[in-house]
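Reckoned from all heavy atoms, side chains included, excluding hydrogens, waters and symmetry mates. For ligands, and for the atoms within them, numbers begin at 1 and follow the listed sequence. Since the model is a prediction, treat every value here as computed from it, not as a measurement. The first residue of the sequence shown is numbered 1, and numbering continues consecutively from there.
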Amino acid sequence: MALKHATPMLDELEKGPWPSFVTDIKRVAARKPMCEDLLGLVEMSYEHKEGHWKHGGIVGVFGYGGGVIGRYCDRPDLFPNVAHFHTMRVNQPASKFYTTEVLRKLCDIWEEHGSGLTNMHGSTGDLILLGTTTDQLEPVFYRLTHELGMDLGGSGSNMRTPEGCVGKARCEWSCLDTQDIIYDITMRYQDELHRPMFPYKFKFKASGCPNDCVAAIARADCSIIGTWRDKIRIDQEAVRAYVGGELVPNGGSHGVEKRKLDIQKEVIDLCPTRCMEWDGKNLKIWDEDCTRCMHCINVMPRALRPGTDVGATILCGAKAPILEGAQLSSVIIPFMKMEPPYEEFHEFVEKMWDWWMEHGKNRERLGELIQRLGLREFLKAVEVQPDPRMVNTTRYNPYIFYDPADVPGGWERDAKSFRERHHA
Ligand code: HEM
Ligand code: SF4
Ligand code: SF4
């Protein structure tokens with residue numbers, strides 16, 4: 001059917017095999033004028049090669065300081081239906097498992113109050129309802145909470161919506177109940193999520209193992225990554241089946257046809273610590289040297305499994321480049337048991353926040369504060385002892401600070417007594 005605006009450039013993007021967002025939006029535009037105008041506006045942006053949203057936008061729901069990202073088009077004269085085009089972040093269930101019943105109800109609500117467009121999901125994890133007007137925010141919020149028992153997610157200088165990998169729900173490698181951990185953090189820190197009280201944003205993510213399928217180490221100020229501290233469980237029979245070509249390596253990721261695994265070349269020689277040995281019959285792992293990189297387990301999932309003494313490594317500080325450069329999280333707690341009610345973890349989180357809320361500058365991420373005041377100060381604040389596992393390598397420069405309490409005699413020196421021994 002004919003839409004209001006001509007979109008010759010966008011139309012090009014209906015070609016090709018990938019699901020076309022243009023085709024999808026057009027389908028909704030047939031019944032939603034907001035989408036019609038959105039297509040027109042985006043076409044204009046393609047033409048001008050610049051965005052056509054005004055700067056910023058502050059809207060929300062009463063009681064909360066975040067959760068809605070306000071947005072206004074800069075040509076409401078041409079595209080009045082997207083004069084307001086706010087985004088609502090809805091807190092997704094951990095790992096994004098849904099029933100069709102929930103999704104249908106959500107769609108009904110959004111069909112009535114919004115553009116009908118969504119983002120499934122935002123990078124942080126939220127279910128994104130894309131485009132509505134200010135007067136619809138409270139009604140959507142009312143219906144989400146009253147009809148679905150769902151709440152808004154986070155935005156602003158607060159705890160953002162936490163997310164985890166599929167974990168134990170569908171993965172044999174998970175050392176953590178990621179859904180439970182994420183749900184626990186989300187519920188315990190609802191206040192911190194809904195009402196910004198921090199120097200800047202703060203994110204949690206939990207992965208069940210070091211494969212890190214939610215990319216916690218790169219995208220969370222506090223990354224929770226599952227690990228184990230006992231031995232990798234080996235089924236020697238199954239290892240021989242891989243070597244004999246009965247089992248397909250890597251679960252078939254590199255081709256599902258049966259072939260012999262060259263265990264020496266594909267596993268032993270690729271182990272980063274060279275702590276494995278294959279004698280032609282049995283696989284030996286010197287677990288004391290294993291860094292739990294997951295490689296051998298990834299190649300032979302039917303033969304090798306993580307140990308049973310499981311927990312998490314807690315890492316802190318990841319962030320994108322602005323201001324002081326991109327960071328991955330650094331190890332702060334090499335191993336922590338993660339079992340309900342997660343008291344040890346909560347204590348850590350609250351000490352970490354106390355320190356950052358007190359010392360963090362305006363719009364300074366935790367990673368930058370650690371850089372500015374030093375890992376030593378952070379460790380003191382969270383009452384964690386320094387550990388060699390926290391560093392890649394020791395420092396090369398000798399500009400080492402000492403605590404005067406650790407130095408015999410302290411810093412108070414008397415020049416006169418020095419001069420008695422060293423005449424000027
Ligand atoms: C009481 C005695 C000394 C004092 C107060 C002193 C103080 C300093 C200071 C303040 C700096 C500048 C550091 C910086 O800019 O970051 C410096 C640099 C330096 N000092 Fe000393 N110094 C003393 C003795 C010595 C001695 C005995 C040597 C050599 C035998 C020495 C060799 C150097 C060198 C090579 C640098 C330059 C390092 C660099 O910039 O890479 N200093 N010193
Ligand atoms: S991070 Fe590990 S446990 Fe989680 S889904 Fe990926 S492989 Fe499985
Ligand atoms: S998990 Fe990694 S470090 Fe450990 S034995 Fe396997 S390949 Fe080696």
Side-chain angles (χ1 to χ4, degrees), residues 92-97 121 123 125 162-183 185 203-220 222-236 238-239 242-243 249-254 261-279 282-315 318 328-329 331 334-339 389 392:
Q92 82 291 358
S95 312
K96 311 187 179 82
F97 288 98
H121 294 70
S123 315
E163 181 57 301
C165 74
V166 292
K168 288 190 173 182
R170 302 196 66 172
C171 181
E172 62 223 24
W173 296 328
S174 195
C175 301
L176 303 174
D177 186 341
T178 51
Q179 284 87 31
D180 194 52
I181 291 166
I182 290 304
Y183 187 69
I185 295 171
K203 299 179 182 177
F204 285 99
K205 285 194 164 54
S207 279
C209 83
N211 283 331
D212 197 6
C213 294
V214 275
I217 199 168
R219 306 193 302 151
C222 181
S223 323
I224 303 158
I225 300 185
T227 187
W228 64 95
R229 29 174 201 197
D230 51 348
K231 290 173 180 300
I232 291 180
R233 288 173 283 169
I234 310 179
D235 175 347
Q236 298 289 357
V239 175
Y242 277 108
V243 175
N250 291 86
S253 304
H254 309 303
L261 171 72
D262 184 343
I263 193 170
Q264 188 64 40
K265 187 165 151 254
E266 295 174 58
V267 182
I268 313 288
D269 291 349
L270 294 181
C271 168
T273 62
R274 296 287 200 277
C275 68
M276 311 180 81
E277 198 177 299
W278 169 247
D279 65 7
N282 286 298
L283 180 68
K284 163 94 185 121
I285 300 178
W286 276 269
D287 290 86
E288 61 275 26
D289 290 328
C290 164
T291 55
R292 289 137 182 96
C293 78
M294 293 298 293
H295 175 69
C296 57
I297 299 174
N298 289 340
V299 176
M300 299 189 286
R302 300 272 292 271
L304 303 180
R305 300 163 74 192
T308 52
D309 184 6
V310 292
T313 300
I314 312 293
L315 308 93
L328 298 176
S329 284
V331 173
F335 189 92
M336 182 189 275
K337 276 284 179 195
M338 287 295 273
E339 279 154 13
R389 288 170 290 185
N392 249 340

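From Thr291, atom OG1 reaches atom CZ of Arg389 across 12.5 Å, with rounding to the nearest 0.5 Å. For the atom pair Ile225 CD1 and Ile217 CD1, the distance stands at 4.5 Å (nearest 0.5 Å).
Side-chain atoms of Asp279 and Lys284, non-hydrogen and from C-beta on, never get closer than 4.5 Å to each other. In this structure, Leu304 and Leu283 have side chains that are in contact, with non-hydrogen atoms separated by less than 4.5 Å. Under the 4.5 Å side-chain criterion, counting only non-hydrogen atoms from C-beta, Lys231 is not in contact with Ile285. Contact of the Lys203 side chain with the Arg219 side chain is not registered, since no non-hydrogen atoms from C-beta on lie closer than 4.5 Å. Side chains of Tyr242 and Glu266 form no contact here, defined as non-hydrogen atoms less than 4.5 Å apart.
Remark: Lys337 engages Asp309 in a salt bridge, criterion side-chain N to carboxylate O under 4.0 Å.
Checked options Lys205, Gln92, His121; the residue passing with Glu163 is Gln92 (criterion: side chain to side chain donor-acceptor pair (under 3.5 Å)). Considering Cys213, Cys165, Ser207 in turn, Cys165 is the only one that fulfils the side chain to side chain contact (heavy atoms under 4.5 Å, CB included) rule with Thr178.
Of all atoms in ligand 2, listed by their number and element, those nearer than 4.0 Å to a heavy atom of Val166 are 5 (S).
Counting only distances under 2.8 Å, and ignoring water, the protein N, O or S atoms around atom 8 (Fe) of ligand 3 are Cys271 SG.
Excluding waters, the count of protein N/O/S atoms less than 2.8 Å from atom 2 (Fe) of ligand 2 comes to 1.
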